[in-house]
Structures are given as structure tokens and as C-alpha cells.
Amino acid sequence: MTDRGQQGRTTAPNGGRVLRPRDWVAPVRAMTRRLNSDHPQQASAPAGPQRSPVVDCALYVDGRRQPGDWRYAEALAAARSAENGFVWLGLHEPELAEMTAIAATYGLHELAVEDAVKAQQRPKLEQFGEVSFLVLRTARYCEHAELTEHSEVVETGQVMLFIGPHFLISVRHGDACRLAPVRADLETKRDLLLHGPWAVAYAVTDRVVDLYLEVADRLEDDLDILEADVFDRQSSGRIQRIYQMKRELVEFKRAVMPLQRPLLTLTAQMNRDVPKEIRRYFRDVQDHLSRTVEQVNSYDDLLNSILQARLAQVTVDQNNDMRKIAAWAAIAAVWTAIAGIYGMNFEVMPELKMTYGYPVVLALMLAISLALYRWFRRNGWL
């Protein structure tokens, strides 16, 4: 019986052994499968260039950005080898496959990766081992020439932050808050960057909340215009505009209100993940957020008051219209009553034989109508 290790072999004329084709085809196929599994995107990649989700990848050591173009895996290895280094990887609307590859390198949790790709999350702060996951909703005021029932007043988006010991990954969805100005400003503040990834988290959060303040101030101007139009008797003051403004305010509230709890957690004394100095900066952000929350609540109350005032105006206008209709109907009733009486076919009726009976009755109806008209005008019915 032939041994399995000797199968597929043959003997050369000189006594040596020659490998049959199947002895070298199997290792080649195995190597091919391994290469394809390591690079699955190469087989299905389109011919045209693909958009890269990486906006910027920078390595910071001792608060200074290191020169050169870094790949995220190389930058992470260099940051871990440095004494005081970290990576800021900026992403814009990554796909699931791209985010999964980055997550494998940086050790991100699959649930956080799924949230970062879907971008439909409430502001929150979650902890996955040594990595903190902070979700922010961004907002930006949309310029418009006139407030209508179809105007977009507030544009929202999302920014997710993965904060680890040696890295910060920012995932941005939408254009409500661009992070390039934040990076440029932060790179001029070495003392702040020395605190590592949480300094970047503070700078991004501060930028988001500053945009909240700008949106709130601009919304106040729109509310002033809306309020003036409602109480202007020459303006129509359509209720649809008030409802549209209220919907935009609700969208803004969804970004602002839930962020209070994550900031409260970041500023808590028991939070040891955030450096003590950075917690002080986060308290300043929390103060700005509290101011925005107060403004949003006051705007909500003001919009409710404007809506109630407009509904009351509509009711009053309807009552005025009904009074006018009733006044004119009363005037017309005089003519109808007198004409109806003299229109009855009776032979014996007063003043039927009078020579001037017809003009006298017309004059009487006109006099009564004028008297009623003056009385209605004096009482504000006409």
C-alpha cells in the first residue's frame, strides 16, 4: 500500500523525484486565496478612482504636528512608540467596509462603528474599554431672503469622536460643522495639545456649541420678524410660517438638549479618563450650552405665544366678519319685511289707495336702513 506522503510523485530517469502538477498547484491556490482574503476590495474595485473617507491624518508629538503624510496604521504605531504622541484621524462619511478596516487597526467596538456609519444617533457618551465614544449633533444657520412656509432655517449633521489613549478619530456627516478650522486653530495652541486626544475632543465640542450660539442668535432675529408680522394688521401673518419655524426649532432642540448629560459626565470629578485641566475647559463649554438651552426654551415659549396670538387673531377676524354679515343682514331685513308685507295679495290693506304711497314706503325703508347703518357703525359692527 502506497503511503499518502508519496502520492503524486514520480521517478525521474536519473533516479530523482519529479513533482506532479497537483503537488504545486495546491500551494499556489492556497496562497492566492490568502492574498485575496487580505485584499478583498481589489477584486471588486471599480476602474475609476474612489473617494477616500480620510480627510486628514496627523501625528502629534509633544503638542506639535509631525511633518509628512501618514497612513493611519503607521501613524498609530509611531504614536504608541512616542512618549507623548497621538493621532488625529479625520473621516468624512465613511462606508462600513472602510470603517471596519480602521476599526480593526484601532481596536474600535463594532457597535460604535455601526453608529458612526449610520449617523442617526442622539448626542451621547459611551465607554468601550479604553475608548470613549462621543456623539455630537451639529447645527448651522441657513441664510434665506424671506421666511416662508418652506424655508430651511437650521441644517443639522453629526460628528462622532473615538477617543483612545493614543488617538482621536473624528467622523463627520454633513457640512454643518467643518473641522479643518478647528484643527488649524488647535495646532497653534501647543500647551493645549500637550493634553493629548481629549484636548482635540474639547476643541471639537467647543466649536459645535459655538455654532449653537450662532444659530440661537440668528433664530432670535427671525422670531422678531415673525412676531412683528403677526401683530402687523397690514400683513397676512400666515400660520404655516409659524409651524415651519416651530419645526426648525424642534430640529435644533434635538441637537442641543440631549448634549447636556454627556457634558455633565465629562465635567464630573469622578471622571478619571479626562485630564483635570481639560475638564475645566469642558465646564466652559457646558456654560455655553446652558445658555443655548435657556434661549431655545424661551424661543419655544415665544413661538407658542405667537401661535396662540395668531389663532386668537383669526378668531377675532372671524367674529368681526360675522358681525358685519349680521349687520348687513339686519339692514336688508327691513326692506325684505316691508316689501313682503305689501307683496301680500289682500284687497283691504292700509295706504293701498294713497297717491304717494310707493315713494313714501321707499323713503321709509331707506331712512330705517340709514339709521341702522349709523347705529352699527357707532358700535363698531361696520
Side-chain angles (χ1 to χ4, degrees), residues 141-154 216 218-254 295-382:
Y141 182 83
C142 300
E143 297 289 344
H144 48 272
E146 182 183 0
L147 182 64
T148 65
E149 55 267 27
H150 304 292
S151 298
E152 183 182 6
V153 182
V154 179
R218 300 296 296 275
L219 284 177
E220 186 175 5
D221 297 335
D222 284 340
L223 288 176
D224 291 339
I225 296 174
L226 192 63
E227 185 178 15
D229 288 343
V230 166
F231 291 100
D232 185 7
R233 302 305 298 175
Q234 304 298 326
S235 176
S236 60
R238 299 183 62 182
I239 296 181
Q240 289 87 341
R241 295 194 305 164
I242 304 176
Y243 274 108
Q244 177 64 19
M245 192 66 182
K246 195 168 183 62
R247 291 183 62 182
E248 295 295 317
L249 185 61
V250 168
E251 183 70 16
F252 186 46
K253 288 179 65 176
R254 290 174 180 172
Q295 286 181 289
V296 169
N297 289 331
S298 64
Y299 295 164
D300 197 14
D301 295 338
L302 180 59
L303 264 179
N304 290 332
S305 300
I306 293 175
L307 180 60
Q308 294 299 325
R310 182 54 190 156
L311 293 176
Q313 284 183 349
V314 171
T315 303
V316 170
D317 292 340
Q318 290 177 346
N319 291 336
N320 291 334
D321 294 340
M322 291 301 299
R323 287 195 302 179
K324 291 179 181 179
I325 295 172
W328 286 113
I331 294 174
V334 175
W335 295 69
T336 303
I338 296 177
I341 291 174
Y342 281 92
M344 292 186 293
N345 296 322
F346 291 106
E347 294 184 358
V348 181
M349 291 185 68
E351 292 88 17
L352 286 178
K353 304 299 183 180
M354 289 182 59
T355 303
Y356 300 103
Y358 182 70
V360 169
V361 171
L362 288 179
L364 178 63
M365 289 191 293
L366 183 60
I368 296 175
S369 299
L370 290 175
L372 287 174
Y373 179 80
R374 292 189 63 184
W375 185 79
F376 287 137
R377 288 279 294 181
R378 188 180 300 114
N379 289 274
W381 283 49
L382 289 174

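Quantities reported herein were computed from a predicted structural model and do not represent experimental measurements. In what follows, every heavy atom counts, from backbone to side chain, and hydrogens, waters and symmetry copies are set aside.
- Checked options L370, L364, L362; the residue passing with L366 is L370 (criterion: side chain to side chain contact (heavy atoms under 4.5 Å, CB included)).
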Residues E143, R218; criterion side-chain contact (heavy atoms from CB on, under 4.5 Å); working and verdict: CA-CA 9 Å; E143 297 289 344; R218 300 296 296 275; 2.9 Å; yes

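- Interatomic distance, L249 CG to N297 CG, rounded to the nearest 0.5 Å: 9.0 Å.
- Here CE of M245 is found 4.5 Å from CG of D222. Values are rounded to the nearest 0.5 Å.
- Here the side chain of D300 pairs no donor or acceptor atom with the backbone of V296 at under 3.5 angstrom.
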Intermediate values then yes/no, side-chain contact (heavy atoms from CB on, under 4.5 Å), R241 and Q244: CA-CA 5 Å; R241 295 194 305 164; Q244 177 64 19; 5.6 Å; no

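- In this view, Y373 and W328 satisfy the ring-ring contact (aromatic ring centres under 6.0 Å, His included) rule, not counting sequence neighbours.
- Rounding to the nearest 0.5 Å gives a distance of 11.0 Å between CZ of R374 and CZ of R377.
- Residues C142 and V154 approach most closely at SG-C, 4.2 Å, considering heavy atoms.
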side-chain contact (heavy atoms from CB on, under 4.5 Å) assessment of L307 paired with Y243: CA-CA 8 Å; L307 180 60; Y243 274 108; 4.2 Å; yes

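- Here the straight-line distance linking atom CG of L302 with atom CG of L219 works out to 11.5 Å at 0.5 Å rounding.
- The minimum heavy-atom distance between E220 and Y299, with the atom names listed, is CB-OH, 3.2 Å.
- Side-chain polar atoms of D221 and Y141 form no donor-acceptor pair below 3.5 angstrom.
- Atom NE2 in H144 sits 14.0 Å away from atom NE2 in H150 (nearest 0.5 Å).
- The CG atom of L223 lies 10.5 Å from the CD1 atom of I242; values are rounded to the nearest 0.5 Å.
- Checking side-chain atoms of E248 against main-chain N and O of V153 turns up a donor-acceptor pair under 3.5 Å.
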